[in-house]
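Because only heavy atoms are used, hydrogens play no part in the values below, and waters and symmetry mates are left out as well, while side chains stay in. Just so you know, ligand 1 is whichever comes first in the structure, and atom 1 is the first atom listed for that ligand.
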Amino acid sequence: MDLGIAGRQALVCASSKGIGLACALSLAREGAALTMVARGKDALEQSAEAIYRGTGASVTTVAADITTPEGRAAALSACPTPDILVTNAGGPKPGDFRDWERSHWIAALDANMLTPIALIKATVDGMIARRFGRIINITSGTVKAPIDILGLSNGARSGLTGFVAGLARKTVAHNVTINNLLPGPFETDRLRETAGQWALQSGKSEELVLNERRATVPAGRFGTPAEFGDACAYLCSAQAGFITGQNLLLDGGIYPGTF
Ligand code: NAP
């Protein structure tokens, strides 16, 4: 299927690794021109080069922290009129809510709620004027099925989800859609880091921790970043203009509810 986005400008945040990188790659395969953002310059340049070599897509890189006003200004200066915006950033660390001070909450809200909202605010009116826009927020499966130790993430991402639910119903009349992708466990650096931390705490091997986690997934495996990237590309397609305000769970069947 031709997704009809060749030549579209895509700003993909937090995209040197993991599922953000997979979104960038899938969009590039469809002919979108990318602006990729991450803090670490080396990994970002390597990923951009690999995408360029593999797809021939135009790729611009911005080494910046997307959760800061300066980082967002740099990203938007490199890509001032995106047709496609993928918001993403690192997730807050797990912990016990009794240990979290106001500063922890503000940092989580900044990264996982207020940064996507600021990026949407900066880009959505241009999309409306051009009568095409696709905004994807990478949130988490924990928005639907919270994990207690991820309270900072649960709270901040739920705030974003609530905000988007209202706006997405206003923008769709202009062919501008806003949807959230909710990852369950995907094979990325973050998944391995989290398993490594848990292995240290529990005294189990990292391999055992990963196997135990894998066994909780009805699909019997973790998701591959490519599966995530292609779901993102579809929601960014010309054909997806009737889908807005949705929260698409990609979790191999972990969420147990009917809806
Ligand atoms: P990952 O493999 O660790 O990759 C994270 C990417 O984001 C890297 O490119 C990183 O590059 C970039 N990044 C992080 N913070 C940034 C910032 N402030 N500004 C710009 N770039 C930033 O992580 P992932 O597994 O793809 O996860 C992506 C998001 O999905 C996270 O919010 C995570 O919590 C969420 N999630 C993931 C899973 C999963 O199983 N993988 C499940 C649920 C939710 P730099 O570090 O160089 O900036």
Membership question, hydrophobic clusters at under 4.5 Å side-chain separation (ILVMFWY): are M1 and L25 in the same one? yes
Can you get from I138 to Y255 by hopping between Ile, Leu, Val, Met, Phe, Trp and Tyr side chains that sit under 4.5 Å apart? no
Distance from [atom] to nearest protein heavy atom, with residue and atom:
| atom | value |
| --- | --- |
| atom 31 (C) of ligand 1 | A89 O, 3.2 Å |
| atom 29 (C) of ligand 1 | N88 OD1, 3.2 Å |
| atom 36 (N) of ligand 1 | P183 CG, 3.8 Å |
| atom 8 (C) of ligand 1 | S16 OG, 3.7 Å |
| atom 41 (N) of ligand 1 | T188 OG1, 3.2 Å |
| atom 5 (C) of ligand 1 | K17 O, 4.5 Å |
| atom 22 (C) of ligand 1 | A14 CB, 3.7 Å |
| atom 23 (O) of ligand 1 | R190 CB, 3.5 Å |

With respect to [X], determine whether any N or O atom, backbone or side chain, lies less than 3.5 Å from an N or O atom of ligand 1.
| X | answer |
| --- | --- |
| N112 | no |
| F186 | yes |
| I138 | no |

Please determine whether any non-hydrogen atom of [X] lies less than 4.0 Å from an atom of ligand 1.
| X | value |
| --- | --- |
| R157 | yes |
| G184 | yes |
| G141 | no |
| A64 | yes |
| P185 | yes |
| T139 | yes |

Of L181, L150, D110, I19, the residue with the heavy atom nearest atom 26 (O) of ligand 1 is I19
Which residue in the set N175, N179, D83 passes side chain to side chain donor-acceptor pair (under 3.5 Å) when paired with R134? N175
As a test of the contact definition, would atom 12 (C) of ligand 1 count as having a protein heavy-atom neighbour under 4.0 Å? yes
Sub-3.5 Å donor-acceptor pair from the side chain of [X] to the main-chain atoms of [Y], do we have one?
| X | Y | result |
| --- | --- | --- |
| T171 | V176 | yes |
| R130 | P82 | yes |
| N154 | I147 | yes |

Check: [Y] and [X] side chains under 4.5 Å, non-hydrogen atoms:
| X | Y | result |
| --- | --- | --- |
| T177 | L235 | no |
| E206 | R192 | yes |
| F132 | I5 | yes |
| V143 | N180 | no |

List every atom of ligand 1 that sits less than 4.0 Å from any heavy atom of D65, numbering the atoms from 1 in the order shown and giving each element. 17 (C), 18 (N), 19 (N)
Where ligand 1 meets G40 - atom numbers and elements under 4.0 angstrom, heavy-atom basis: 45 (P), 47 (O), 48 (O)
Might you work through the side-chain hydrogen bond (donor to acceptor under 3.5 Å, both in side chains) test for T142 and R157, ending with a clear yes or no? CA-CA 9 Å; T142 59; R157 296 187 201 273; 5.1 Å; no
Can you confirm whether the side chains of T61 and E45 place a donor and an acceptor under 3.5 Å from each other? yes
Could you work out, with ring-ring contact (aromatic ring centres under 6.0 Å, His included) as the rule, every residue matching W198, not counting sequence neighbours? none
